[in-house]
Amino acid sequence: MAHKVTLIPGDGTGPEVAEAAKRCVEATGVKIEWEVALAGQTAVEKFGDILPESTLSSIRKNKVALKGPITTPVGTGFRSVNVAIRHALDLYACMRPARSYPGVKSYYKDIDLVIIRENSEDLYAGIEFEMGLPETKEIIGLIEKNSKKKIRPDSGISIKPISVTATRRIVKFAFEYAIKYGRKKVTAVHKANIMKFTDGLFLKTAREVALGYAEKIAFEDVIVDNMAMQLVQKPYNFDVLVLPNLYGDIISDLCAGLIGGLGIAPGANIGDSMAVFEAVHGSAPKYKGMDKVNPTAMILSAMLMLRYLGESQAADRLENAVKEVIAEGKSVTYDLKPNPKDPTAVGTAGMADAIIAKLRK
Ligand code: NAD
């Protein structure tokens, strides 16, 4: 039976990389019934709504979506469609593997990390108070009264909620992932030495959850600034990292840097009953319609989707095809060439064609 999947092409270069990924998935032979749904600028143009309810209900119905990057409009008050989708569908775990592929320019070899980032709270909860507004003054007054500390009147305020509930489920997710994929260690990353009631709670809860897995998976915790340094100095000491939202955002880009950049970094946002797969990179609007950008991150996101759908053989074949094309270094996009101006670089569709040719061999 065919799997039903919502396909959101996205903005900028999104439709090009989404089409490349769709074609690669189809070439694995796995049957997919795609339901195209819009979000972002294309949705504004067609429906006057940046995130139509019909798109969310398509994902709720199909339980799985493959999504191209979406441009975040500047100055409209709308934070991000991506954050809105994660919140609306309670996709609380952002999972980003960072794995080296021979042939990609990078300072490191053989990196194999998985970053599990909490998606629903922390400074990304979207609870903010603009400088100078009456409600901001009220909040400042309340905080000063209760904390006996001064806040400058010309301050903006962002709230950082971290709960036992959300921490417990993200840390459990990290351990369950580690067990499912044969990983050895989970590292909780925090700043509990400074933020005792938020990161401290995250750490205490993580330690409690870890006790339940002590016989199967090792556990440790590392302070986030130290983590940034250690990842650069000795990334091989780590395996699965679990982090609150903001640190997860920053550290996962650092890890994308370890493996050679955004062009090859895939990701997924996963909840208890549904998941949205997407590249880490954005819509790279300056390359829109130029058939230029690297489709690998989106194709590898589709590979993660195949795994989620239980199609692990097809996922392995797709990952190997990507690996071979990158290792050969011939039919790859400009960013994977030693010299980005190399005229032999192929376009987005050409690289997908080369991957499909490997799958059909
Ligand atoms: P970006 O990732 O779109 O692009 C930054 C640069 O990285 C590009 O100029 C390009 O040089 C390179 N790059 C990105 N993807 C590449 C690819 N596939 N192949 C080769 N090179 C690639 O980041 P940005 O310019 O900060 O953001 C553009 C828009 O995308 C913004 O509106 C931002 O909000 C949005 N965004 C969306 C998502 C998402 O939908 N998940 C994620 C990040 C940013």
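Worth saying up front: this structure is predicted, and the values here are computed from it rather than measured. Ligands are counted one by one from 1 in listed order, and the atoms in each one are counted from 1 as well.
Taking each heavy atom of Leu113 and Phe238 in turn, the nearest pair found is CD2-O, 3.4 Å.
For the pair Arg307 and Tyr181, the cation does not sit on the ring face, since its NZ or CZ is not both under 6.0 Å from the ring centre and inside 45° of the axis. Annotation: cation-pi pair Arg169/Tyr92 present, NZ/CZ under 6.0 Å from the ring centroid and within 45° of its normal. Seen from the ring of Tyr334, Lys341 does not count as a face-on cation partner, given the 6.0 Å and 45° thresholds.
Which parts of ligand 1 touch Tyr334 is read off a 4.0 Å heavy-atom cut-off, strictly below it: atoms 20 (C), 21 (N). Close contacts between ligand 1 and Ile70 involve ligand atoms 30 (O), 35 (C), 36 (N), 37 (C), 39 (C), 40 (O) [criterion: under 4.0 Å to a heavy atom]. Near Thr71, with a cut-off below 4.0 Å to any heavy atom, the atoms of ligand 1 are 32 (O). Which parts of ligand 1 touch Asn82 is read off a 4.0 Å heavy-atom cut-off, strictly below it: atoms 37 (C), 38 (C), 39 (C), 40 (O), 41 (N). Ligand 1 places these atoms under 4.0 Å from at least one heavy atom of Lys67: 40 (O), 41 (N). Using a 4.0 Å cut-off to heavy atoms of Val293, the atoms of ligand 1 that qualify are 17 (C), 18 (N), 19 (N). Close approach to Leu262 involves these atoms of ligand 1, each under 4.0 Å from a residue heavy atom: 2 (O). The contact set between ligand 1 and Ala284, taken as ligand atoms under 4.0 Å from a residue heavy atom, comprises 3 (O).
Scanning all protein heavy atoms for the shortest distance to atom 25 (O) of ligand 1 gives Pro285 CD, 4.8 Å. The protein non-hydrogen atom at the shortest distance from atom 30 (O) of ligand 1 is Ser283 N, 3.0 Å. Of the protein's heavy atoms, His281 CB, 3.8 Å lies nearest to atom 14 (C) of ligand 1. Looking at atom 31 (C) of ligand 1, its nearest protein heavy atom turns out to be Thr72 N, 4.0 Å. For atom 19 (N) of ligand 1, the nearest non-hydrogen atom of the protein is Asn294 N, 2.9 Å. In this structure, atom 36 (N) of ligand 1 lies nearest to the protein heavy atom Gly282 CA, 3.4 Å. At the top of the distance list for atom 9 (O) of ligand 1, counting protein heavy atoms only, stands Lys286 CE, 3.4 Å. The protein heavy atom nearest to atom 11 (O) of ligand 1 is Tyr287 CE1, 3.9 Å.
Side-chain contact check for Tyr213 and Glu176: at least one donor-acceptor pair (N or O, by modelled atom type) lies under 3.5 Å. For the 3.5 Å distance criterion, the side chains of Thr167 and Thr205 fail to qualify, holding no donor opposite an acceptor.
Residue His190 forms a side-chain contact (heavy atoms from CB on, under 4.5 Å) with just one option from Leu201, Val242, Val224, Asp199, and that option is Asp199.
With a 4.0 Å heavy-atom cut-off, ligand 1 is reached by no atom of Val17. With a 4.0 Å cut-off on non-hydrogen atoms, Ala297 does not touch ligand 1 at all.
Using a cut-off of 4.0 Å between Lys/Arg side-chain N and Asp/Glu carboxylate O, Glu144 and Lys149 are scored as not salt-bridged.
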**OP:** Take Glu53 and Thr55 through the test side chain to side chain donor-acceptor pair (under 3.5 Å) and record every step on the way to the result.
**Re:** CA-CA 5 Å; Glu53 184 50 39; Thr55 297; over 6 Å; no
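Note: no N/O pair closer than 3.5 Å links Pro69 and ligand 1 by distance alone.
Contact of the His3 side chain with the Glu33 side chain is not registered, since no non-hydrogen atoms from C-beta on lie closer than 4.5 Å.
Using a non-hydrogen distance threshold of 4.0 Å, Val280 registers as a contact of ligand 1.
Criterion: ILVMFWY side-chain heavy atoms under 4.5 Å apart, direct or through other members. Under it, Met274 and Phe173 are not part of a common hydrophobic cluster. In terms of hydrophobic clustering, with Ile, Leu, Val, Met, Phe, Trp and Tyr side chains grouped at heavy-atom distances under 4.5 Å, Met227 and Leu123 are assigned to different clusters.
Under the side-chain contact (heavy atoms from CB on, under 4.5 Å) criterion, Lys358 pairs with Ala321, Glu324, Val325, Glu328, Lys361, not counting sequence neighbours.
Within 4.0 Å of atom 21 (N) of ligand 1, at least one protein heavy atom is present. Counting protein heavy atoms under 4.0 angstrom from atom 27 (O) of ligand 1 gives zero. In this structure, atom 6 (C) of ligand 1 is not in close contact with the protein, since no protein heavy atom lies within 4.0 Å of it.
Heavy-atom neighbours of Lys31 NZ from other residues, nucleotides or ligands within 6.0 Å: at or below the threshold of 12.
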